[in-house]
Visitor: 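Mind having a look at this structure? Questions to follow.
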Amino acid sequence: MTKHGGDTSKEGAATCLAPVERGPYHATRIYAGCSGVTGGPRVDASGHVLDGRGLPIPGLCAAGNVTAQLFGDASPASGATLGPGLTFGYLAGCSAVAALE
Ligand SMILES: Cc1cc2nc3c(=O)[nH]c(=O)nc-3n(C[C@H](O)[C@H](O)[C@H](O)COP(=O)(O)OP(=O)(O)OC[C@H]3O[C@@H](n4cnc5c(N)ncnc54)[C@H](O)[C@@H]3O)c2cc1C
């Protein structure tokens with residue numbers, strides 16, 4: 001069980017759970033979601049999409065969740081998707097502008 005954000009002075013399930021003892025109670029609907037992806041085309045350092053042989057496809061750039069995750073199927077820390085998304089978005093934008101010049 002993860003203790004991330006929990007009370008590490010407690011043991012086992014008590015790390016993240018506590019007794020519900022006093023009202024009033026409130027409820028909210030919770031939906032499952034996904035914060036990133038593990039598939040998609042690979043890109044090079046300039047944001048160009050790579051073909052099946054690992055060669056950049058001229059004029060085709062991508063960034064963010066449509067691309068293969070930088071860290072594979074791992075999520076090492078908060079920012080592991082937004083950081084690369086912003087960085088590669090900028091790099092892909094620079095590549096697109098350079099192609100017009
Ligand atoms: C609850 C939650 C918490 C998160 N927390 C973190 C965090 O702490 N740190 C972190 O790094 N990442 C976090 N993420 C992940 C991060 O938000 C996403 O990885 C990031 O927003 C992806 O950006 P993106 O631009 O690639 O895609 P998106 O933000 O999904 O943008 C895609 C856009 O394309 C639009 N679109 C889709 N289809 C079409 C179409 N056919 N035509 C036109 N437009 C279209 C969509 O409406 C959307 O605006 C979190 C995600 C969630 C859901």
Side-chain angles (χ1 to χ4, degrees):
M1 170 194 258
T2 178
K3 293 185 176 181
H4 184 71
D7 181 353
T8 52
S9 69
K10 304 276 185 351
E11 290 294 325
T15 307
C16 298
L17 297 172
V20 180
E21 293 173 330
R22 246 195 350 248
Y25 304 109
H26 303 275
T28 187
R29 198 181 291 261
I30 296 179
Y31 299 94
C34 136
S35 64
V37 294
T38 56
R42 290 168 51 224
V43 295
D44 65 11
S46 63
H48 278 101
V49 173
L50 301 177
D51 67 16
R53 294 167 297 159
L55 299 172
I57 301 173
L60 183 61
C61 296
N65 277 357
V66 295
T67 62
Q69 235 265 48
L70 199 60
F71 303 103
D73 60 3
S75 183
S78 290
T81 46
L82 285 174
L86 286 167
T87 304
F88 280 88
Y90 173 77
L91 294 170
C94 289
S95 295
V97 169
L100 294 174
E101 290 170 346

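Residue numbers count from 1 along this sequence. When a ligand or atom number is given, it counts from 1 through the structure's own listing order.
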Visitor: For a side chain to side chain contact (heavy atoms under 4.5 Å, CB included) check, start with the C-alpha distance between Phe88 and Thr67, then their side-chain angles and the critical distance, and finish with the verdict.
Guide: CA-CA 10 Å; Phe88 280 88; Thr67 62; over 6 Å; no
Visitor: What closest approach, in Å, do Gly79 and Pro84 show between heavy atoms, and which atom pair accounts for it?
Guide: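 Shortest heavy-atom separation between Gly79 and Pro84 comes out as O-CD, 3.5 Å.
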Visitor: Please produce the table of protein N or O atoms sitting under 3.5 Å from N or O atoms belonging to ligand 1, one pair a line, distance to 0.1 Å.
Guide:
unit_1   : atom_1 : unit_2 : atom_2 : d
ligand 1 : 9 (N)  : Gly79  : N      : 3.1
ligand 1 : 11 (O) : Gly79  : N      : 3.1
ligand 1 : 11 (O) : Thr81  : N      : 3.3
ligand 1 : 11 (O) : Thr81  : OG1    : 3.0
ligand 1 : 11 (O) : Leu82  : N      : 2.8
ligand 1 : 12 (N) : Thr81  : OG1    : 2.6
ligand 1 : 19 (O) : Ser35  : O      : 3.3
ligand 1 : 19 (O) : Asn65  : OD1    : 3.2
ligand 1 : 19 (O) : Asn65  : ND2    : 3.4
ligand 1 : 19 (O) : Thr81  : OG1    : 3.4
ligand 1 : 26 (O) : Asn65  : N      : 2.7

Visitor: Between Tyr90 and Leu70, is there a shared hydrophobic cluster once you connect ILVMFWY residues whose side-chain heavy atoms come closer than 4.5 Å?
Guide: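 Yes, it is one cluster - the side chains of Tyr90 and Leu70 are joined through contacts under 4.5 Å.
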Visitor: Which one of Val49, Ile57, Leu50 satisfies the side-chain contact (heavy atoms from CB on, under 4.5 Å) criterion with Pro41?
Guide: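 Going through the options one by one, the only one that passes is Val49.
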Visitor: Indicate if Phe71 and Leu91 have the same hydrophobic cluster label, given that clusters are the connected sets of ILVMFWY residues with side-chain heavy-atom separations under 4.5 angstrom.
Guide: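 Same hydrophobic cluster.
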Visitor: I'd like to know if the side chain of Ser46 reaches the main chain of Ser95, judged simply by a donor and an acceptor atom lying under 3.5 Å from each other, with no hydrogens or angles considered.
Guide: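 The answer is no, because no donor-acceptor pair under 3.5 Å joins these two groups.
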